[in-house]
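In this chain, numbering begins with 1 at the start of the sequence shown.
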Amino acid sequence: QAHLVESGGGLVQPGGSLRLFCTASGFTLDHYAMGWFRQAPGKEREGVSCISPDEDRLDYADSVKGRFTISKDSAKNTVYLQMDDLKPEDTANYYCAASFLERHCKLEAMDHWGKGILVTVSS
């Protein structure tokens, strides 16, 4: 059975950094587009970043370009989201998701989801 587990969230001051981890079990990442999504209180879930199966395509939301970096380690079956220069508006629950045999991460088409992890940016 496929599982995704996020870790690495927490409280950070504005301008600080966090690294999120998403570890997969029950399947390998090699044939999946892997994405990070987030949902702030009272708002809809939105895409943050996506990495294609062969890592030749990296997508970022305009709001995080230049500050967030997505990567993966296939040997560890883990996807990372490095978040730098965090802002209060980055506060949200962050979700990892996988889409089989796709190169893009579409919110409505992801096959597997993690339960999410909270990131709070506040002084």
Salt-bridged, [X] to [Y], with N to O below 4.0 Å?
X: D90; Y: K87; answer: no
X: R57; Y: D59; answer: yes
X: R38; Y: E46; answer: yes

Tell me, do [X] and [Y] make a side-chain contact under 4.5 Å, heavy atoms counted?
X: C105; Y: M110; result: yes
X: M34; Y: L4; result: yes
X: E102; Y: Y32; result: no
X: L107; Y: F37; result: yes
X: H3; Y: F27; result: no
X: P14; Y: P88; result: yes
X: L20; Y: I117; result: yes

In Å and rounded to the nearest 0.5 Å, what is the [atom1] to [atom2] distance from [X] to [Y]?
X: M83; Y: F68; atom1: CE; atom2: CZ; answer: 5.0 Å
X: S49; Y: Y80; atom1: OG; atom2: OH; answer: 15.0 Å
X: F21; Y: K76; atom1: CZ; atom2: NZ; answer: 8.5 Å
X: N77; Y: L29; atom1: CG; atom2: CG; answer: 4.0 Å
X: L86; Y: T91; atom1: CG; atom2: OG1; answer: 8.5 Å

Partners meeting side-chain hydrogen bond (donor to acceptor under 3.5 Å, both in side chains) with R19 (sequence neighbours left out):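 side-chain hydrogen bond (donor to acceptor under 3.5 Å, both in side chains) list for R19, sorted by chain: empty.
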E55: side-chain hydrogen bond (donor to acceptor under 3.5 Å, both in side chains) partners, not counting sequence neighbours: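 Testing E55 for side-chain hydrogen bond (donor to acceptor under 3.5 Å, both in side chains), a comparison that skips the adjacent residues, returns none.
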D73 versus T78, side-chain donor and acceptor atoms under 3.5 Å: no
Q82 and S71: CA distance, side-chain angles, deciding distance, side-chain contact (heavy atoms from CB on, under 4.5 Å) verdict: CA-CA 8 Å; Q82 178 67 38; S71 62; over 6 Å; no
From CA spacing to verdict: side-chain contact (heavy atoms from CB on, under 4.5 Å), S122, L11: CA-CA 7 Å; S122 175; L11 174 65; 4.2 Å; yes
Check against side-chain contact (heavy atoms from CB on, under 4.5 Å), Y60 and V48: CA-CA 6 Å; Y60 297 95; V48 175; over 6 Å; no
Donor-acceptor under 3.5 Å (K72 side chain, P53 main chain): yes
Check: Q39 side chain, N93 main-chain N or O, donor-acceptor pair, under 3.5 Å: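 No; judged by distance alone, with no hydrogens or angles, the pair does not exist.
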Consider only side-chain heavy atoms of I, L, V, M, F, W and Y, link residues closer than 4.5 Å, and tell whether [X] and [Y] are in one cluster.
X: V119; Y: Y95; result: no
X: L81; Y: L18; result: yes
X: V79; Y: V5; result: no
X: Y94; Y: W113; result: no

Parallel, tilted or perpendicular: ring planes of F100 versus H31, cut at 30 and 60 degrees: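 Geometry flag for H31 against F100: perpendicular rings.
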E44, CD: over 12 other non-hydrogen atoms inside 6.0 angstrom: no
Residue pairs passing the salt bridge (Lys or Arg N to Asp or Glu O under 4.0 Å) test where at least one lies in residues 22-36, sequence neighbours excluded: none
